[in-house]
2 protein chains.
Amino acid sequence: MTTKSTYSIGQLCELAGVSRRTLQHYDDISLLKPTRRKDNGYREYTEADAMKLKQVLIYRALDFSTKEISQLLNAKNFDLFKSLKEQRELLAEKKADIESMMRNLDENLESMKAKTSRNLDILYEGIPKEKADHWKKAAESRVGSERWESNLQILGSMSEDEAKEFKQRGDVFYAAYADVLDQAISAPEVQELVAQFIAGINSLYASSITDFEELNYETCLEIARMSVEAEDVKQAYDFYGDGLAEHISEAITYYAEENLRRP
Amino acid sequence: MTTKSTYSIGQLCELAGVSRRTLQHYDDISLLKPTRRKDNGYREYTEADAMKLKQVLIYRALDFSTKEISQLLNAKNFDLFKSLKEQRELLAEKKADIESMMRNLDENLESMKAKTSRNLDILYEGIPKEKADHWKKAAESRVGSERWESNLQILGSMSEDEAKEFKQRGDVFYAAYADVLDQAISAPEVQELVAQFIAGINSLYASSITDFEELNYETCLEIARMSVEAEDVKQAYDFYGDGLAEHISEAITYYAEENLRRP
DNA sequence: CCTCGACCTGCACGTTACGTGATAGCCAAG
DNA sequence: CTTGGCTATCACGTAACGTGCAGGTCGAGG
């Protein structure tokens, strides 16, 4: 059973993955007229038409205008073989373009990663070497885990100065927090610090994430959980004061319940 | 000297290789608004805007609509890192598409070449093996030489049956021509055969080359020249009768002078 | 101070390559 | 004989700019 060598418009557009209207349009502008019309006016495309359409689609994928394609395909002395070779050339060029764009992106990605790790260095500055290495490794290994990737990328988007500033503010904050570890999580001093903490995260995110929405109830609870459940985060917190991780975790939870409860 | 970190519309469009109007358009539709307007109303773009434009251009190269790009780039929680990785993915896909199209083309080219050589076999059927091999090689080696490539490709575009038919007609014709070798090139019998010959080439070309123009004066002279100058063609002609190549060459020249002279 | 050319502004209509109906003819099946 | 699925031809809509046009800005030079 040889393939029936004529197609209706519907069959051809199905075959080629283009819309009916596109074929009608190509007919209108004489880019690809069906070989003949049946008596009822229906378009009847042949195998040759299908081949030509394939050519057209390749040129279209190469961003040629229909006018240009028309000139190419209907040129006097049109030579299929040459045309195919030319298309190959152009495709190769386009491929090269894409590869160049990919290399460009890779460079950007690399530089962002590099910056991230440089800024991680800054972040763990002044912390005993073994611990720092341990935490840093844990942090870097999180790249690839959806949730943390963008957190780390915020570091990557900061300049070194900003990173230093960020660390400084962190040091100051956690030192201050260490001073209130003996107070109840509901104590105004504690809650004031937590409010600062949340505000800090908000402004950090807001500056680097477009249209960032302020931390809500659930997200705060999640931060509270992570503070104690992620071992390295917990250790980093506890570095500033014994039991700081658990304390701030509960304090954040309390804060969220009091201030961010759903309406 | 650090690069001045703001651009006018002209500078940015120069830098990015897009038209002024495109940037104005992106401003209109809020895809990429300049960071600020100067007091005189001039658009002032920052480095960050330039980065964003780069993103836009990549997505545009990937055939995203401006609306889609706008949604992607201005999405809540937009994440540059993720976006870059996504772009890499998409570029990889596009590259794969292009590679697939190239493979497809290569297949077509291969099959055309294969058909050409199959039909060359048919063409040299019934001719002593050494000679046939010699001529065939010469013919195939012409692939790559502009002028001959399309001639051979006409063979490639024929079905086997057509090729056989073609050879048969050739055999008949050259046999007939061998019978008039003793007559003058201007003799009516000879000129009648030449007319048939030219008509044959015309119809052959017309059937496989879109909008082919009939052989003109110069082209005929060229055919005449090739008949004797191309060694293998000459030998192929002479196979049908001694001195046929030179005779038909002169006869074609005469025919052209008589019938196809410029007005 | 004036002018000139290069740059910028907004506005409006033109263009390409289709998309999206609306309306109507063809035709095989129930 | 109607119904559902294909087809046809208008005809208007749209996206992403292109292409002027009339007019403001600005630094350099006469």
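As a basis for the values below, the full set of heavy atoms in this structure was taken, side chains included, without hydrogen atoms, waters or symmetry mates. Below, chain A is the first sequence line, B the second, and so on; all start at residue 1. Note that this is a predicted model, so its numbers are computed, not measured.
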To the nearest angstrom, how far is [X] atom [atom1] from [N] atom [atom2]?
| X | N | atom1 | atom2 | value |
| --- | --- | --- | --- | --- |
| A/Lys67 | C/dA17 | NZ | P | 7 Å |
| A/Asp63 | D/dA16 | CG | P | 14 Å |
| B/Leu53 | D/dA16 | CG | P | 15 Å |
| A/Gln24 | C/dG19 | CD | P | 11 Å |
| A/Leu32 | C/dC18 | CG | P | 12 Å |
| B/Arg37 | C/dC7 | CZ | C1' | 15 Å |
| A/Arg43 | C/dG25 | CZ | P | 17 Å |
| A/Asp39 | C/dG25 | CG | P | 18 Å |

Problem set entry | Under-4.0 Å salt bridge between B/Glu160 and B/Arg118 |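 Counted as a salt bridge, because a side-chain N and a carboxylate O are separated by less than 4.0 Å.
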
Problem set entry | Carboxylate-amine/guanidinium proximity below 4.0 Å for B/Asp121 and B/Lys167 |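 Salt bridge: no.
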
Exercise. Which part of the nucleic acid does A/Ile29 contact within heavy-atom distance under 4.0 Å: base, sugar-phosphate only, or nothing?
Worked result: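 It contacts nothing in the nucleic acid.
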
For this session: Kindly say whether B/Ala199 contributes a backbone atom to a donor-acceptor pair with the side chain of B/Asn202 at under 3.5 angstrom?
Result: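 Answer holds: no.
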
Donor-acceptor pairs are to be reported for all side-chain atoms of residues 90-105 of chain A against protein atoms at under 3.5 Å, with residues two or more places apart or in another chain.
unit_1	atom_1	unit_2	atom_2	d
A/Lys94	NZ	A/Asp63	OD2	2.8
A/Lys95	NZ	B/Glu99	OE2	3.4
A/Glu99	OE2	B/Lys95	NZ	3.4

For this session: Run the numbers on A/Leu84 and A/Arg88 for side chain to side chain contact (heavy atoms under 4.5 Å, CB included), then give the verdict.
Result: CA-CA 6 Å; A/Leu84 291 181; A/Arg88 232 208 87 105; over 6 Å; no

For this session: Give a yes or no on whether B/Glu14 atom CD has more than 12 heavy-atom contacts from other residues, nucleotides or ligands under 6.0 Å away.
Result: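 Incorrect, the count does not exceed 12.
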
Exercise. Nucleotide by nucleotide, 5' to 3', does protein get under 4.0 Å of the base (B), only the sugar-phosphate (S), or neither (-) in nucleotides 17-26 of chain D, counting heavy atoms?
Worked result: BBB----BBS

